[in-house]
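Sequence lines set the chain letters: A, B, ... in the order given, protein chains first and strands last, and positions in each chain run from 1. Just the heavy atoms: all of them, side chains too, but no hydrogens, waters or symmetry mates, feed the values below.
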Number of protein chains: 2
Amino acid sequence: MNLLKPIQQQKISDQVFEQLKELIFRGTLKPGEKLMPERVMADSMNVSRTTIRNAIGRLVTMGLVVHKQGKGTFVAMPDPKRDNPFALAMTAQNASIYDLLEVRMGLECVAAALAADRADDADISAMTQSITEMEKEVQAGRLGTEADTSFHMAVAYATKNQLHIQVMKNFYDYLFHGIRESLHFLYEDAQNIQLILDQHKAIMTAIVNRAPEKAYEAMQQHIEFVKEFFKQREK
Amino acid sequence: MNLLKPIQQQKISDQVFEQLKELIFRGTLKPGEKLMPERVMADSMNVSRTTIRNAIGRLVTMGLVVHKQGKGTFVAMPDPKRDNPFALAMTAQNASIYDLLEVRMGLECVAAALAADRADDADISAMTQSITEMEKEVQAGRLGTEADTSFHMAVAYATKNQLHIQVMKNFYDYLFHGIRESLHFLYEDAQNIQLILDQHKAIMTAIVNRAPEKAYEAMQQHIEFVKEFFKQREK
DNA sequence: ATTTATTAATGGTAATACCAATTTTGAAAA
DNA sequence: TTTTCAAAATTGGTATTACCATTAATAAAT
């Protein structure tokens, strides 16, 4: 039976939510702009504040608006991080940079070891290129952050593990857009860059020599170095 | 000034949210399972239903639970079609079980070592419970896959690394779902299950004894065992 | 035993009051 | 006048209570 389609009983909060979402997506409500106070909005829409808060709450967890007690609710600034899964996870769980480094430690050390087994000529040449590129950048007075990333991605590709590659792509995409500021401190010091370059070379050497354990350790020391840097800096 | 650290004024709804999320992540609340009615949950937590609804509302928009008016609130089934935070679903199709195990090797071994440093009583008891649960399941003639996952998530939680927890949750939700059939072969053999149980116990013992290296190795052997099983089976 | 009406259970909305953080206001002090 | 600072007004967060809407469970009628 049931030839009749059910009248889609959309919840009231759904409708409010849709309206607000539209306003934000269309740009009628611009980033940084303040929303109406909940009480006013409830009044002008003839619904309860409860419902309004429900709708806005969804926008908050979606990261489209932010609540500020005592101030109001504001449209969130368009944030490249928002599209990045890692960034979302980081902010949602308010993870620290150490959390990040620990996860990297797990992923990249094993990756380095695998790379030592599986890297082919193309992989090696990609690593080499990343290193010389980084040297050039530094010589030119720039920070070699992109070349740095390239090196690590080259290692990832050398594992031939599609899943690992995908994960690392997400990771470094975030490192770029997400914590660029934090990393600047690391790159500011020319001494650090030289050390990083040496560490990269050590990793590559181990990979070229088909020495998985060495590669593992070299990567470990590399990440440990970064971790120590931030630890020192905290004081 | 500001020598005083800000008392992290976490909202009540935040705390409720965290508790519920943890129950779901750990697998204590299994997919499809019904949550307590809001009213009794509010009562047993000594907060208002308003706050409970706020917390649950977040879980809903995150897709972890679903509301059904008149019926209740239920833990959502992990849905591959759903947007997963790390966009790994597509990769999971092409990824081999070895790819998965390699990435796990990196993440979980380091995690085990960290857990040995940081696990508290609650973590230990969660691991114990997962192990006994798995034993009970096996005794009853069922496969203890869920308890197995719970154990690994317990280790993840013991790291206190929020990012790692998030990553592992997604791994188990989306990736292992794709190779569930394959895993059946592993669990079919009672002998294997016993070995897996022993390995879990070894991991936990190392963690209890605060022996990071041992924990690392125990986890390594555990994953290596699974890998070897599938390798043998290919022939 | 089947069907139907009633009741209970449970999420959704409303209304009101008060708490907590922030801004604004306005009077007192300089 | 300008600055300071305390009181009041704003605004999001939580609590309470009541009632609506949907579904499941139960009792009553056939």
Side-chain angles (χ1 to χ4, degrees), chain A residues 1-2 4-21 23-24 29 32-77 92 94, chain B residues 1-2 4-21 23-24 29 32-77:
Chain A
M1 272 311 102
N2 218 350
L4 310 174
K5 330 153 204 21
I7 303 296
Q8 175 50 351
Q9 189 57 295
Q10 199 182 20
K11 283 177 292 187
I12 302 181
S13 56
D14 289 339
Q15 304 176 38
V16 175
F17 169 75
E18 287 299 335
Q19 273 200 51
L20 291 175
K21 200 181 66 175
L23 289 175
I24 294 174
L29 287 173
E33 193 168 339
K34 183 171 173 299
L35 267 61
M36 250 181 251
E38 297 172 348
R39 290 166 175 86
V40 186
M41 193 183 295
D43 201 49
S44 51
M45 284 179 132
N46 279 311
V47 296
S48 75
R49 191 178 156 215
T50 307
T51 303
I52 295 291
R53 276 185 64 77
N54 180 307
I56 293 183
R58 280 186 250 180
L59 296 172
V60 171
T61 62
M62 288 175 63
L64 268 66
V65 303
V66 288
H67 265 154
K68 296 187 179 176
Q69 189 169 356
K71 294 182 177 178
T73 305
F74 303 82
V75 180
M77 302 302 283
N94 49 32
Chain B
M1 273 307 103
N2 219 351
L4 309 174
K5 59 229 169 322
I7 302 294
Q8 174 51 356
Q9 188 57 294
Q10 201 182 18
K11 283 175 291 186
I12 301 180
S13 55
D14 289 340
Q15 305 176 37
V16 176
F17 170 76
E18 285 299 331
Q19 275 200 50
L20 291 176
K21 194 188 72 181
L23 287 175
I24 295 173
L29 287 173
E33 193 168 339
K34 183 172 174 298
L35 267 61
M36 248 182 253
E38 297 173 347
R39 288 166 176 88
V40 331
M41 192 185 294
D43 201 48
S44 52
M45 285 180 128
N46 279 311
V47 297
S48 75
R49 192 177 155 216
T50 308
T51 302
I52 296 289
R53 277 186 63 77
N54 181 306
I56 292 183
R58 276 185 256 180
L59 296 173
V60 171
T61 65
M62 286 175 66
L64 266 60
V65 304
V66 289
H67 265 155
K68 295 187 181 176
Q69 188 169 357
K71 294 182 180 180
T73 306
F74 303 82
V75 179
M77 309 295 276

How would you summarise protein contacts on nucleotides 3-16 of chain C per nucleotide, using B for base, S for sugar-phosphate only and - for none, with heavy-atom distances below 4.0 Å?
-------BBBBBB-
List the atom pairs, with distances to 0.1 Å, where a side-chain N or O of residues 40-47 of chain A and a protein N or O form a donor-acceptor pair under 3.5 Å, not counting sequence neighbours.
{"residue": "A:Ser44", "atom": "OG", "partner": "A:Val40", "partner atom": "O", "Å": "3.0"}
{"residue": "A:Ser44", "atom": "OG", "partner": "A:Met41", "partner atom": "O", "Å": "3.1"}

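Under the salt bridge (Lys or Arg N to Asp or Glu O under 4.0 Å) criterion, B:Glu33 pairs with no residue at all, not counting sequence neighbours. For A:Ser13, the side-chain contact (heavy atoms from CB on, under 4.5 Å) partners at least two apart in sequence or on another chain are A:Lys11, A:Thr51, A:Asn54, A:Arg58. In terms of the salt bridge (Lys or Arg N to Asp or Glu O under 4.0 Å) criterion, residue partners of B:Arg49 (sequence neighbours excluded) are, by chain and number, B:Glu38.
Screening residues 60-77 of chain A for salt bridge (Lys or Arg N to Asp or Glu O under 4.0 Å), with sequence neighbours left out, gives no hits.
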